[in-house]
Structure formats: C-alpha cells, structure tokens
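First up is the structure itself, then whatever we jot down about it.
Just so we're clear, the structure is a prediction, and the values are computed from it rather than from any experiment.
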Amino acid sequence: MVDTASSTRAGTAAPGGSAPNADAAGDPAGGTPTAGTDTDVRIDVDLLAEHLLGRWAEDRRISRRLVLDPALHKVEGLTNHEHRVRAFDQLRILQQAGAIQRPYPPEFGGQDNHGGNLAAFEEITTADPSLQIKAGVQWGLFGSAVHHLGTERNHREFLPGIIDFSVPGCFAMTETGHGSDVQSIATSATYDPATQEFVVHTPFRGAWKDYIGNAALHGRAAVVFAKLVTRGVDHGVHAFYVPLRDEDGVFLPGVGGEDDGVKGGLNGIDNGRLHFDHVRVPRTNLLNRYGDVAEDGAYSSPIDSPGRRFFTMLGTLVQGRVSLDGAAVVAQKVGLQIALTYAMHRRQFPTDGGDEGVLLDYGRHQRRLIPRLATVFAQSFAHEQLLRTFDDVFSGRLDTPERREDLETQAAAFKSMSTWSALDTLQECREACGGAGFLAENRLTSLRADLDVYVTFEGDNTVLLQLVGKRLLTDFRKRAPRDAASTAKFVAAQVGAKLADASGVRRLGQTAKDRGSLAASVADLRDPAVQRALLAGRVDTMVTEIGVRIGSAGKDRARAAKLLNRSQHELIEAAKAHAELMQWDAFTAAVDEVAPGDTRRVLVWLRDLFALGLLEQHLEWYLVHGRLSTQRARAVSAYADRLIARLRPVVPQLLDSFGYEPGHVRAPIALGEEQARQDEAHAWFAAERAAGRLPEQEKKPRP
C-alpha cells in the first residue's frame, strides 16, 4: 500500500485544539518524524479506511449505503410489540434490496460470496442490532443450516422460501436444560419406517427449545436439532426441517410454545420457546449431508465417528460466531466515535490559560478512551484475518480439517474477546460522556444493552475459551516427547525455566542491559520482537504448566480429568492470552502492509499501545514469573502514557478512517450539538465581556 502521508478528508483538526506536544524524541516506528513535532503527523485517512475495510471493502460500502435508510434505523422508546413489527418489516427491505443473497448458490440467486456476506452483514449493526440478529436468524442460521447441512433435495425444497422470505424461520438448537451442551440435548427424532416419517418429541420441560429467535411470533418453520433414532439406535444430534405454523400464524398440531417476553436488549426479535408432542415430518425433511436414513430405516453417514460427525456438523455453523465478532467491532467503533467526538467538543474546568479545557486534553480522559481505540484497531485487523479463514473454508478453496480447526479456534477466541471488550468499551464510553451518555438519543446505553447477550450468544464465552484451551493442550501434547529419555529432558527443561523465573536471572539481565535508564527500557519495549516474545512466552508457559500437570496423571484418565477440572481457570486465562497474541500478530501483519510514512507510524503507535496495554493488564504475571524487571514494569505505563499523548492529536483522523457517516452514528452529541452549545456559550461570554456587563468576581480576603 502507498502512503501519501497526507489527510485526504476534511475535518481532521481536533476541535478545541491539540494536546500539549508529546515527546517527539525517538520515533517508535523507527523512522524519522515527518516534521518538527508529533502534532504535525498527518494520516492518509483514505488509505487507512481502505485498509480497515479489508478484502470485502465494496460489500461493506454497499451495506453501509443501504443502512443509511431511516426505515432501517432503530427507534428508541418503541414498545416491545412495536419494535418486533418494525424489525420484521425491515427484513423485507433487506431481502428486496438484494442484501441477503450473497452466500447462496447462483441457482438460487446468490453469489457464493461467503466472506463478503458476513462483512456486509456486520455493518447492519449500525442501523439496529435487533435487525442484524433477526436477519442473522433468518438467513445466517435457518437458511445456512439448510444450505450447509442439507443436500440438493433439501435445497430445492426449502431454500427458495427461506431466501425470498415467504417462510420466516427459526434455528432451534438450544434447550432450556442444556444450553451450550448441544451433544446432550433430549429432543428426539425417531424414524417410523411404516410411514417413512420422523417423530419429533420433547419428553420434558427442560428439553424445550429456548431463547429461539422468531419463535414467539413470526417463525413458520424451524431447523430443529434432535437425536436421530432409527432401529433402536441413537445416532446423535442431526438437523430436521420442521413446519411450525400455518399461514395465519397458528401453531400446527403437536407444536407449542411460549413468548420469552421483554429482554435486556434486542427486543426487536421475538425470542420464544418451542416444544413438540410427537410431531411427524417426512423422512426427506432430515438435512442429510452428514447422515441419512433409507426408507427401511437403515442409517448411513460419510463420517463413521459419531463424535467427529457431530463436531463437523456444528463446524458448518461457525459463521454465527464469526459475524458476532465483526458486529462487536462495529459497535465499538460507533461507541468510540461518539465518545471521542464528544470529548473533543465538550469543555469543562478552567485551565492555566483561564478557558475551560477540552475533555480529551485531560490525561485521565485520554487514558480511558485512547487505549480502547488501539484495541478496536487490533480487533478489526484480527477479524479481517478471521473472515479470510472463513471464506477459505466455506468457498472450498482451503477446506481441509486443519483449516476448519483453525477457523473454529479463531472464531471462538476472537468472538469471546471482542464481545467482552464491546461491553467494557461501550460502558466506558457511556461514563466518559456523563449524563449525555445516559440519554437514549445518544445510543450508548442502547448499544450496550443490545450487545449484552452477545457474550453468551452462539456459545458462552467461557465455554468457547475452554474449547480454545483444549486445542492448545492438544497442540502441546503433539509437541511433547513420548519416550522416557526425551520426556525426562523435556521436564528438566521446564524445571530449569521455572528456576530461571524464580531466581530472577531474566530480571538481572534486563537490569544490566538498561543500566537504570528508563529510555533504554522503553527502547526495548518498542521492539516488536520483544513484545511478541513476552506475549507468546506467557502463552507457552501457561500451557506448558497445565500440560505437564495433567501429563503427570499418565494413563489414569480419572486423575487426568480431575487435574483438568482444577486447571480450568488457568486454561481459560491461557486461551485469552492466546487470543491476545493472535490479535497482536494480526495488527503487526496489517502494519507491515503499509508503506513507511505517517500512516504506518501512527499504526505502530497504536500497535505498541495495544501491546503495552496487555503487558500492563498482566503485569503481576510478568513480575511473578520474572519476565520483566521492576524498571521495565514501570516503563510499561510510562511509555503507554507517552504514546497516548502522541496519539491525541490524530484521534480525529483515526475516527475519520472508520468511514462512518452521520447517518450511521446518529448521536446528537457527536454530530455538532455539543459543539454548537460550546460555541454559543463562548460567544455569549465574549460579548458580555466586551460590553463590560460581566460582574466582578468576589475576591477572597487574604488570611
């Protein structure tokens, strides 16, 4: 990419002035400052915006243009019923605009464009998260289940009605009593060869399908996940197309349900519960890509292992996690654009010059928002890599078991980290805007409420990170030696590493190298190789400690299971550390794609701030394990503060690079309302002062 080192968009000067000049000595990017100070840095906003848009830039642009339509926007204050009606009607707008057909085969009006579909879908978050998720239920879950779990016979029969929205549908997997434990669901589909039908049944209340989007009102059919039983054998979880309601919206015989009612967010979606009392569906309603039943009841599958078959079927539905990761990134960008713009307009408390200061010029305000800005850049670049992995697999270009495993691991890791981050960032943005942030019109409380469920949507984050952790342990076992002699050497090496940590050898080496100089400590922390070594070393150490502990059980599976259970907290922390390392790697790869100049320089500052934030967050671990000297530990926060000050003047340009227009942001405090108030107040005081009408201030008597 070519960096013209100039801003090509208007409005990049910070309203309210710039922060005091940061330390310009020593460029963290390893280059030469463009001009005398960091306040002279000018990003090529268009280049950076294109970089953030990624491979499917045009799909994102098309979606962004579409969601500028006010008919698609969330209207605050609607009743639960009104919001549901609006969201349902909005789905028709998306369908008629051709916004949902991308991933389907050309014979059904699609483009086989899997990455572009999710990229466009994520941008709907700016209009209304309820709309995004309701569309995701119809075409991303219900439709994708038929598409990816079915065969040609299923496609011909069911896909047309799903795509043209004549059959609103549901994705009925989760049960009240099992949640994330899909393999243990109790709903059954028993084959009756006499009638060539499956009998779908929920045997008790805990087996009801729960929290199901479109179930309360709008769903006319569902993909129902149930245990397939034929000839007295349970072949595990499979998916079935089950009609729910007639054209008048009345439940069909044997089908029942309840409305979940008002929720903490996403109230445009009619979530509900479903249950089935010996409901019969034709044999051909089984989505039979991975398992089929012949007319006589004989079962067959291209995958012999029941466990591998189950995980393969669920793996085809990973796009839900991928899209939630992207939606969480979009929501954070909108939230930060609102809060940071307000902070550049809002003035509070007199400064040394007498005038009230702009919020974003106060160090604490910078500290609460700018590091989160760096994090969302990291998550944005990581999501782009996840989208590319997803497209590689679903397009068939690189659909290998290894690539699918990478996809599932990345999706679980990134979705967990970005959805948790979204709640944290949106809450901080809300607080940073004070009372204005609490007003519904400024969207921050609404966005946070709507995204709350994302942390348990498509898999509880804690459970997902356990999956990531188990993948790390599997990789560890593959690396670990098998023979006794090699194992002894391996264990000795781990003991040696622990002794080095405990003895402070690493700390002593750092202290000797830095010679008491904070600048020397900072110079080392600026080195990408050092940053990666610290982040990767934490992952490797944590996984090795857990792996060696569990390995001590030998072939005693019961003891190994107990040790794994006791290590769950550490395993989840290791999975988080692995996700953070992958985000750092993605950020660094994105930096490497940008030519030298101011844009790259600023991206390096952001990447370094992201890395330092991780080190600061886990500083206790690095100190306890002897990976950082006390001086370098102090340098982490000191250097982070310097970077934040350097980034302050370019915040407007960074926000411009998000590419969101007023119609996407829709928060009055970020669209000039606050600036107008400040200008009015400034003009009034200036006029009163010039006219001599301002009263004298009371003078306090001297003591």
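Between R42 and P649, the closest side-chain pair of non-hydrogen atoms is not below 4.5 Å. At least one side-chain heavy atom of D46 sits under 4.5 Å from a side-chain heavy atom of D44. Between S421 and Q379 the shortest side-chain heavy-atom distance falls below 4.5 Å. Residues V376 and L336 have side chains in contact (heavy-atom distance under 4.5 Å, counting atoms from C-beta outward). Counting heavy atoms from C-beta on, the side chains of Q348 and R346 come closer than 4.5 Å. Q617 is listed as a side-chain neighbour of L614, based on a closest heavy-atom distance under 4.5 Å. Side-chain contact between Q531 and D527 is absent, with no heavy-atom pair separated by less than 4.5 Å. Residues V45 and L654 fail the side-chain proximity criterion, which asks for heavy atoms closer than 4.5 Å.
Salt-bridge formation is detected for the pair E570/R549: a Lys NZ or Arg NE/NH1/NH2 atom is positioned less than 4.0 Å from an Asp or Glu carboxylate oxygen. A salt bridge is defined here as a Lys NZ or Arg NE, NH1 or NH2 lying under 4.0 Å from an Asp or Glu carboxylate O, and E384 with R55 fails to meet this definition. Under the 4.0 Å criterion applied to side-chain N and carboxylate O atoms, R471 and D475 are assigned as salt-bridge partners. A salt bridge between R321 and E408 is absent, with no side-chain N of the basic residue lying under 4.0 Å from a carboxylate O of the acidic one. One finds a salt bridge joining D585 and R532 here, because a Lys/Arg side-chain nitrogen approaches an Asp/Glu carboxylate oxygen to under 4.0 Å. Between D524 and R632 there is a salt bridge, since at least one side-chain N of the basic residue sits less than 4.0 Å from a carboxylate O of the acidic one.
Panel note: side chain T126, backbone E123; a donor-acceptor pair is recorded below 3.5 Å. A donor-acceptor pair under 3.5 Å is formed between the side chain of T351 and the backbone N or O of D355. Between the side chain of R60 and the main chain of A119, a donor-acceptor pair closer than 3.5 Å is present. A donor-acceptor pair under 3.5 Å is absent between the side-chain atoms of T544 and the main chain of T541, judged by distance alone. A donor-acceptor contact shorter than 3.5 Å links the side chain of R443 to the backbone of V665. With hydrogens and angles ignored, the 3.5 Å screen pairs a side-chain donor or acceptor of K415 with a backbone N or O of Y454. Checked by atom type and distance alone, the side chain of R430 pairs as donor or acceptor with a backbone atom of G434 at under 3.5 Å.
Judged by the 6.0 Å distance and 45° axis criteria, R64 is positioned over the aromatic ring of Y660.
Screening L615, L612, I644 for a side chain to side chain contact (heavy atoms under 4.5 Å, CB included) with Y639, the sole residue that qualifies is L612.
Once rounded to the nearest 0.5 Å, the distance linking CZ of R61 with CD of E50 reads 4.0 Å. Within the model, atoms OG of S380 and CZ of F658 stand 8.0 Å from one another, a figure rounded to the nearest 0.5 Å.
A pairwise comparison of heavy atoms in L444 and G335 identifies CD2-CA, 3.7 Å as the closest pair. G115 and D391 get closest at one heavy-atom pair: N-OD1, 2.8 Å.
In this structure, F414 has no ring pair (Phe, Tyr, Trp, His ring centres under 6.0 Å) partners at least two apart in sequence or on a different chain.
For residues 579-600, every residue pair satisfying the ring pair (Phe, Tyr, Trp, His ring centres under 6.0 Å) rule, not counting sequence neighbours, is listed here: F381-F587.
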